[in-house]
Amino acid sequence: MSDLEANQNKAAEKQAQEAADEQEARARTQERESRERTPTSSEKSLTRKERAAVAEHGHLSALTVYSIILREGEEELQRPKASLWWSGVAAGIGISTSVIAEGVIRSNLGSDHPYLTLIESLGYTFGFVLVILCRLQLFTENTITVILPVLADPTRNRFYCVARLWGIVLLANFIGTFLTAAIGVHGGIFPADILAAILEISHHVASLTPTEAFLRAIPSGFFIAALVWMLPSAKESVVLVIIMFTWLIAAGGFTHVIAGSNEIFTLVLNGDMTIFTAFIYHILPVLIGNILGGTGLFAMLAYGQVHEEM
């Protein structure tokens, strides 16, 4: 058999497989539509208006949520580099609000307050509310959003697009947190007590060993990915959901690479740490842990629960 004939046979087999997959997907869709049209035993006693109310108050299916995030991920992968860059810088600046809010709360309550950690952790949520509701590019959100399109269609081009987006957004986030830290340390915008509180918080983060920072980053990456997954279903409770899970990250002592980078850069700019130590012993372990928790755990699980239904 010639190479031409072999290639033609492969192409024919691929087309046949694609047609079979499409037919199977259409059959599953028709089956779901049939279940939706068939009233349950209790719905048979309801009026048409009451049935509409039941449908309106139903939860989004896992496949629906997956489709929403998949669509968002595909759009993000096609965004221009300049858009990703400036959105990422803004996200780095915005997420630094978390550290500032924590410093304000600590400076007013005092370091010896019995419930300082629980109350101070509410300040940590401010930056995430700002970044997520402003639709800015935060790296840890993209550990699931842009990964779902790759899992659905793992082509070389999509891997390249993910690498491009991750590289641009991560660097832009770091630029944003570094600028904010520089202004905080050398800009004279904070009263002495607030700056002292921010430095105290930063020293606590830096006290973690690389292994501890890595391990505590895994749950944090998982929570952020889960948060992204919940947002389409949250509706009017979006702010509450963001506050709940980002508060848990701070109160539980978990680590987040972008918010944490502001604290680490603050120490670098204050002369308490070298930039080499900052990246190798603190930022890099947290980055790997966040990716493992967000992509390695949650994204895989999210894809696994729906791929047989597509």
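What you are looking at is a predicted structure, and each value in this text was computed from that prediction instead of being measured. Note that the numbering runs from 1 along the sequence shown for the chain.
The shortest distance between side-chain heavy atoms of N262 and I95 does not fall below 4.5 Å. Using a 4.5 Å heavy-atom cutoff, the side chains of V65 and L231 are not in contact. Side-chain contact between F245 and M230: present, with at least one pair of heavy atoms (C-beta onward) separated by less than 4.5 Å. Side-chain contact between P149 and L70 is present, with at least one heavy-atom pair separated by less than 4.5 Å. A 4.5 Å side-chain heavy-atom check between I258 and V131 finds every atom pair outside the cut-off. At a threshold of 4.5 Å between non-hydrogen side-chain atoms, the residues V268 and T274 do not count as touching. Within the 4.5 Å cutoff, side-chain heavy atoms of I147 are placed close to those of L151. No side-chain heavy atom of N142 sits less than 4.5 Å from a side-chain heavy atom of L138.
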Subject >> Stepwise side-chain contact (heavy atoms from CB on, under 4.5 Å) test for T246 and F223 >> reply: CA-CA 8 Å; T246 53; F223 291 147; over 6 Å; no
**OP:** Could you walk me through whether T177 and S261 pass side-chain hydrogen bond (donor to acceptor under 3.5 Å, both in side chains), step by step?
**Re:** CA-CA 7 Å; T177 56; S261 69; 3.0 Å; yes
Subject >> Intermediate values then yes/no, side-chain contact (heavy atoms from CB on, under 4.5 Å), I175 and W85 >> reply: CA-CA 10 Å; I175 293 295; W85 173 260; 3.9 Å; yes
Original post:
Can I119 and H113 be said to form a side-chain contact (heavy atoms from CB on, under 4.5 Å), step by step?
Top reply: CA-CA 10 Å; I119 300 173; H113 192 283; 3.8 Å; yes
Subject >> From CA spacing to verdict: side-chain contact (heavy atoms from CB on, under 4.5 Å), R135, E141 >> reply: CA-CA 10 Å; R135 304 292 294 171; E141 284 189 79; 5.6 Å; no
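A donor-acceptor pair under 3.5 Å is formed between the side chain of S121 and the backbone N or O of A251. Without hydrogens or angle criteria, T255 side chain to A213 main chain gives a donor-acceptor distance under 3.5 Å. Judged purely by atom type and a 3.5 angstrom limit, S107 uses its side chain to pair as donor or acceptor with the backbone of G103. A donor-acceptor pair is defined here as one N or O able to donate and one able to accept, closer than 3.5 Å; no such pair exists between the side chain of T125 and the backbone of I243. A donor-acceptor distance shorter than 3.5 angstrom exists from the side chain of W247 to the backbone of L118, with no hydrogens or angles considered. When atom types are taken as modelled, the side chain of T155 and the backbone of R158 share a donor-acceptor pair closer than 3.5 angstrom. Remark: side-chain polar atoms of N270 are not paired, donor with acceptor, to backbone N or O of T266 under 3.5 angstrom.
In this structure, E72 CD and I144 CD1 are separated by 10.5 Å, a value rounded to the nearest 0.5 Å. Interatomic distance, L165 CG to T145 OG1, rounded to the nearest 0.5 Å: 9.5 Å. We find the CD1-OG1 distance between I224 and T140 to be 5.0 Å, quoted to the nearest 0.5 Å. The structure places NE2 of H282 at 3.5 Å from CE of M273, a figure rounded to the nearest 0.5 Å. Annotation: the span from I264 atom CD1 to S202 atom OG amounts to 7.0 Å, rounded to 0.5 Å. In this structure, CZ in F214 is found 11.0 Å from CG in L287, a value given to the nearest 0.5 Å.
Looking at every heavy atom in both residues, I291 comes nearest to T143 through CA-CG2, 4.3 Å. In terms of heavy atoms, G88 sits closest to N173 at O-ND2, 2.7 Å. The shortest non-hydrogen separation linking T180 to I93 is OG1-CA, 3.5 Å. Between P210 and P285, the shortest heavy-atom distance links the atoms O-CB, 3.4 Å. Of all heavy-atom pairs between P232 and I69, the closest is CG-CG1, 4.5 Å. Counting all heavy atoms, side chain and backbone alike, L84 lies closest to E76 at CD2-O, 4.2 Å.
Scanning for ring-ring contact (aromatic ring centres under 6.0 Å, His included) contacts around F222 gives F298, with sequence neighbours left out. Residues passing the ring-ring contact (aromatic ring centres under 6.0 Å, His included) test with W166 are F139, sequence neighbours excluded. F128 is linked by a ring-ring contact (aromatic ring centres under 6.0 Å, His included) to Y124, H256, counting only residues two or more places apart in sequence or in another chain. Scanning for side-chain hydrogen bond (donor to acceptor under 3.5 Å, both in side chains) contacts around H204 gives an empty result, with sequence neighbours left out. Under the salt bridge (charged side-chain N to carboxylate O under 4.0 Å, His left out) criterion, E212 pairs with no residue, sequence neighbours left out.
Salt bridge annotation for R79-E74: absent, with no cationic side-chain nitrogen under 4.0 angstrom from a carboxylate oxygen.
More than 12 heavy atoms of other residues, nucleotides or ligands lie within 6.0 Å of CZ in R164, so this atom counts as buried by the packing criterion. Taking a 6.0 Å sphere around CZ of F279, one finds it holds more than 12 heavy atoms contributed by other residues, nucleotides or ligands. Within 6.0 Å of the CZ atom in F126, the count of heavy atoms belonging to other residues, nucleotides or ligands does not exceed 12.
One hydrophobic cluster, built from ILVMFWY side chains closer than 4.5 Å, holds both Y115 and I105. Under the 4.5 Å side-chain contact rule for hydrophobic residues, L77 and W86 share a cluster. There is a path of hydrophobic side-chain contacts, each under 4.5 Å, that joins V238 to L122. Hydrophobic cluster membership differs between V205 and I280, with clusters built from Ile, Leu, Val, Met, Phe, Trp and Tyr side chains linked at under 4.5 angstrom. By the criterion of side-chain heavy atoms lying less than 4.5 angstrom apart, applied directly or through intervening Ile, Leu, Val, Met, Phe, Trp or Tyr residues, L208 is not grouped with L267; the two fall into different hydrophobic clusters.
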Donor-acceptor pairs under 3.5 Å, side chain of residues 181-195 to any protein atom, not counting sequence neighbours: which ones?
| from | atom 1 | to | atom 2 | distance (Å) |
| --- | --- | --- | --- | --- |
| H186 | NE2 | L269 | O | 3.1 |

